[in-house]
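All residue numbers in this chain count up from 1 along the given sequence. Only this structure's heavy atoms are used, side chains among them; waters, hydrogens and symmetry mates stay out. Because the structure is a prediction, the values reported are computed rather than measured.
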Amino acid sequence: MNWQQKIGHLMGQPVGISFTNGTGTSGILCNADGHQVYIMEYMYHSQFALKHYDYRTIQDMSPFPHCQNQHHPNLYE
């Protein structure tokens, strides 16, 4: 399934995007209008930015995997 067919299922979810130029980004998929996707990306401190990317620049888009629910006793203590 190509990435355009996944958009409906990925809306509002964290995604990773690989671009045709070899770079990538990640964030929350906020919207898609058929020509551009809109991604809420973390910038720094408590700042976020809504960025848009043209469909032609995107090679693939994937959902984030679920975390493993393994017990790590010292992780959050």
Side-chain angles (χ1 to χ4, degrees):
M1 175 184 310
N2 68 32
W3 68 267
Q4 293 97 331
Q5 294 173 317
K6 302 179 204 175
I7 286 181
H9 300 290
L10 297 175
M11 202 62 65
Q13 301 297 316
V15 297
I17 299 175
S18 57
F19 296 108
T20 56
N21 68 2
T23 64
T25 192
S26 61
I28 304 294
L29 177 59
C30 294
N31 200 1
D33 65 9
H35 300 285
Q36 295 185 351
V37 296
Y38 297 83
I39 308 294
M40 183 65 66
E41 296 180 14
Y42 175 73
M43 301 303 289
Y44 54 89
H45 193 11
S46 61
Q47 296 183 9
F48 294 82
L50 182 63
K51 295 188 176 182
H52 58 94
Y53 299 99
D54 191 280
Y55 273 34
R56 296 171 293 180
T57 66
I58 299 172
Q59 181 176 7
D60 198 15
M61 183 182 302
S62 300
F64 269 58
H66 294 285
C67 296
Q68 298 295 324
N69 291 329
Q70 297 175 356
H71 181 66
H72 297 282
N74 296 323
L75 191 57
Y76 298 108
E77 294 176 2

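Proximity of a side-chain donor or acceptor of Q47 to a complementary backbone N or O of Y44 within less than 3.5 Å is not detected.
Using a 4.5 Å cut-off on side-chain heavy atoms (C-beta onward), T20 and R56 make no contact. No side-chain heavy atom of Y42 sits less than 4.5 Å from a side-chain heavy atom of S26. Q4 is listed as a side-chain neighbour of Y55, based on a closest heavy-atom distance under 4.5 Å. For the pair V37/I7, a side-chain contact is recorded, criterion being any heavy-atom separation below 4.5 Å from C-beta on. Taking 4.5 Å as the limit, some side-chain heavy atom of Q59 sits within range of a side-chain heavy atom of S18.
The six-membered or imidazole ring of Y53 lies away from that of Y38, with a centre-to-centre distance of 6.0 Å or more.
Taken together through direct or relayed side-chain contacts under 4.5 Å among Ile, Leu, Val, Met, Phe, Trp and Tyr, M11 and W3 form part of one hydrophobic cluster.
In this structure, F19 CZ and D60 CG are separated by 11.5 Å, a value rounded to the nearest 0.5 Å.
Smallest separation of non-hydrogen atoms from C30 and M40: SG-CB, 3.7 Å.
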Stepwise side-chain contact (heavy atoms from CB on, under 4.5 Å) check, F48 with M43: CA-CA 5 Å; F48 294 82; M43 301 303 289; 5.6 Å; no

Worked verdict on V15 versus I17 for side-chain contact (heavy atoms from CB on, under 4.5 Å): CA-CA 6 Å; V15 297; I17 299 175; 4.2 Å; yes

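For the side-chain hydrogen bond (donor to acceptor under 3.5 Å, both in side chains) test, no residue two or more places apart in sequence or in another chain qualifies with S62. Evaluation of the salt bridge (charged side-chain N to carboxylate O under 4.0 Å, His left out) rule for D33 yields no partner, not counting sequence neighbours. With sequence neighbours left out, H52 forms a side-chain hydrogen bond (donor to acceptor under 3.5 Å, both in side chains) with Q36.
Checked by atom type, the side-chain pair E41/T25 shows a donor-acceptor distance below 3.5 Å.
Considering N31, L50, L29, I28 as possible partners of I39, the one that fulfils the side-chain contact (heavy atoms from CB on, under 4.5 Å) test is L29.
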